[in-house]
Q: 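Pasting in a structure now, in structure tokens, and then I'll have a few things to ask.
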Amino acid sequence: METAPAELAEAFDLARLTPDFYDDPYPTYQALRTHQPVKRLAGGGYFLTRYEDLVAVYKNTALFSSDKKREFAPKYGDSLLFEHHTTSLVFNDPPSHTRVRRLIMGALTPRAIAGMEPELIALVDRLLDAMADKGRVDLIEDFAAAIPIEVIGNLLGVPHHERAPLREWSLAILGALEPVIGADTFNRGNEAVGEFLGYLDTLIARRAAAPGDPERDVLTRLIQGEAGGEKLSSKELLHNCIFLLNAGHETTTNLIGNGLVTLAANPDQKQRLLAEPALIKTAVEEILRYESSNQLGNRITTAEVEIGGVTMPANTSLTLCIGAANRDPAQFADPDRFDVARSPNRHLAFASGPHQCAGMALARLEGAIALSRFLARFPDYALDGVPRRGGRVRFRGYLNVPCRLG
Ligand code: HEM
């Protein structure tokens, strides 16, 4: 049985989080799981923290919708931002979700992912060389953030000299998803979608004129569709390319950054991984569980439903706390212990059910290669100052991590 202060659960307000919470949200999550696992939020809706409840919600797309058209209409009006977010795979329900997902998963073939490995290794090694020359580095800017940008660019075959604006566009488009946004954020997000669409039009026209191997080239496969003739519409293709480019950026940066910080804070586990490099796969899973890069998900009820003894009407918004579910003692033995060999480890960092992360094989590959090669090269690395967090509740990660390489 967990013991945690009931007052912490009672006082929890998602709209007014404290610096202590951003620093370490897990005591609050434990309090919520113990005392108010289906917590009514001040602004309406419920905040769920139990593993079992999250799995039940993720599995049932009929009762728990991902469709955001109703929610986004007043926020974005008739704009490109509205068109983008409501066309993205992640914000749709079956049957349109099922069809688009099948086409996207068909393009992210194991061969396409495996084919990216040599370039990924070369990229990581180039970054390690550049860091070795510096000695004192920022683990985020010099390493963790530099990897996904290149990988995602490679995924769709964006030429290197055309990659510069991708990060800005991605930040502006995802920034517009914050619960409350001003005119500036809205305008920047909208402009970014417009510029991104303009760029992709050109990229897609070039690839359609000179296609690659559809088994290896993700964009060619997305353009051509399936052998049976099933294809993405041009609107679906454009917006889901933007989504793919955005979905893998910050999440994967956080996996790598959180991994290096957590290993530095747990020297026994770092030593164990150094002694047994084959543990890298379970270590990556444990980092995803212990410090989940993406801590929150959202769904809306489509009918009256009961969760954990609480009855709620249709159109109730739910916040699914992945960070809390991944520390639930009903699912994970000794959940606050970081254990690079943990097994089984059925964490929810990539969610579960029909919307489970479509890029998880790529994210796992990036995490394993980045972390194992970093450790082999700089086994004595040590943090050099206090890491600076991103200050966001949905994406848990760092903006800067000063480090000495030893
Ligand atoms: C550590 C890195 C990553 C984490 C933690 C992560 C996490 C997630 C989560 C939790 C979801 C489910 C969202 C929901 O339905 O509520 C999701 C969906 C998705 N992710 Fe990832 N992701 C990561 C990397 C990537 C990468 C690298 C890509 C692209 C190559 C990607 C593409 C997608 C797509 C397309 C979806 C939508 C799937 C659907 O709705 O059917 N992700 N991701």
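Both ligands and their constituent atoms are indexed starting at 1 by order of listing.
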Q: Report, in ascending order of atom number, the atoms of ligand 1 lying under 4.0 Å from any heavy atom of Leu89.
A: 37 (C), 38 (C), 39 (C), 40 (O), 41 (O)
Q: Relative to ligand 1, is His355 under 4.0 angstrom through side chain, backbone, both or neither, heavy atoms considered?
A: both
Q: Quick check: are there more than 12 heavy atoms from other residues, nucleotides or ligands sitting under 6.0 Å from CG of Asp334?
A: yes
Q: Mind checking whether Arg299 has an N or O less than 3.5 Å away from an N or O of ligand 1?
A: yes
Q: May I ask you to check if ligand 1 and Arg101 share an N or O to N or O distance below 3.5 Å?
A: yes
Q: Can a non-hydrogen atom of Ala349 be found less than 4.0 Å from any atom of ligand 1?
A: yes
Q: Are Arg299 and His355 side-chain neighbours, meaning at least one heavy-atom pair lies under 4.5 Å?
A: yes
Q: Using a 4.5 Å cut-off on heavy atoms from C-beta on, say whether the side chain of Glu236 contacts that of Leu103.
A: no
Q: Please indicate whether Arg346 has more than 12 foreign heavy atoms, meaning atoms of other residues, nucleotides or ligands, lying under 6.0 Å from its CZ.
A: no
Q: Heavy atoms only: which of Phe395, Tyr58, Phe243 is nearest to atom 36 (C) of ligand 1?
A: Phe243
Q: Select one of side chain, backbone, both or neither to describe which atoms of Pro354 lie under 4.0 Å from any atom of ligand 1, heavy atoms only.
A: backbone
Q: Do Glu286 and Phe338 come close enough that some side-chain heavy atom pair is under 4.5 Å?
A: yes
Q: Heavy-atom count around Glu276 CD within 6.0 Å, excluding the residue itself: above 12?
A: yes
Q: Determine whether Arg327 and Tyr29 make a side-chain contact, defined as any pair of heavy atoms from C-beta on separated by less than 4.5 Å.
A: no
Q: Please state which protein non-hydrogen atom is closest to atom 13 (C) of ligand 1 and give its distance, to 0.1 Å?
A: Val90 CG2, 3.8 Å
Q: With a 3.5 Å cut-off and sequence neighbours excluded, list the donor-acceptor pairs that the side chains of residues 399-406 form with protein atoms.
A:
residue: Asn400; atom: OD1; partner: Arg388; partner atom: NE; Å: 3.0
residue: Asn400; atom: OD1; partner: Arg388; partner atom: NH2; Å: 2.8
residue: Asn400; atom: ND2; partner: Asp138; partner atom: OD2; Å: 2.7

Q: Give the numbers and elements of all ligand 1 atoms closer than 4.0 Å to a heavy atom of Ala351.
A: 10 (C), 12 (C)
Q: For atom 21 (Fe) of ligand 1, report each protein N, O or S atom nearer than 2.8 Å, sorted by chain and then by residue number.
A: Cys357 SG
Q: Using a 3.5 Å distance criterion without hydrogens, assess whether the side chain of Glu226 forms a donor-acceptor pair with backbone atoms of Gly229.
A: no
Q: Within a strict 4.5 Å, meaning less than it, do heavy atoms of the Arg40 and Val310 side chains meet?
A: no
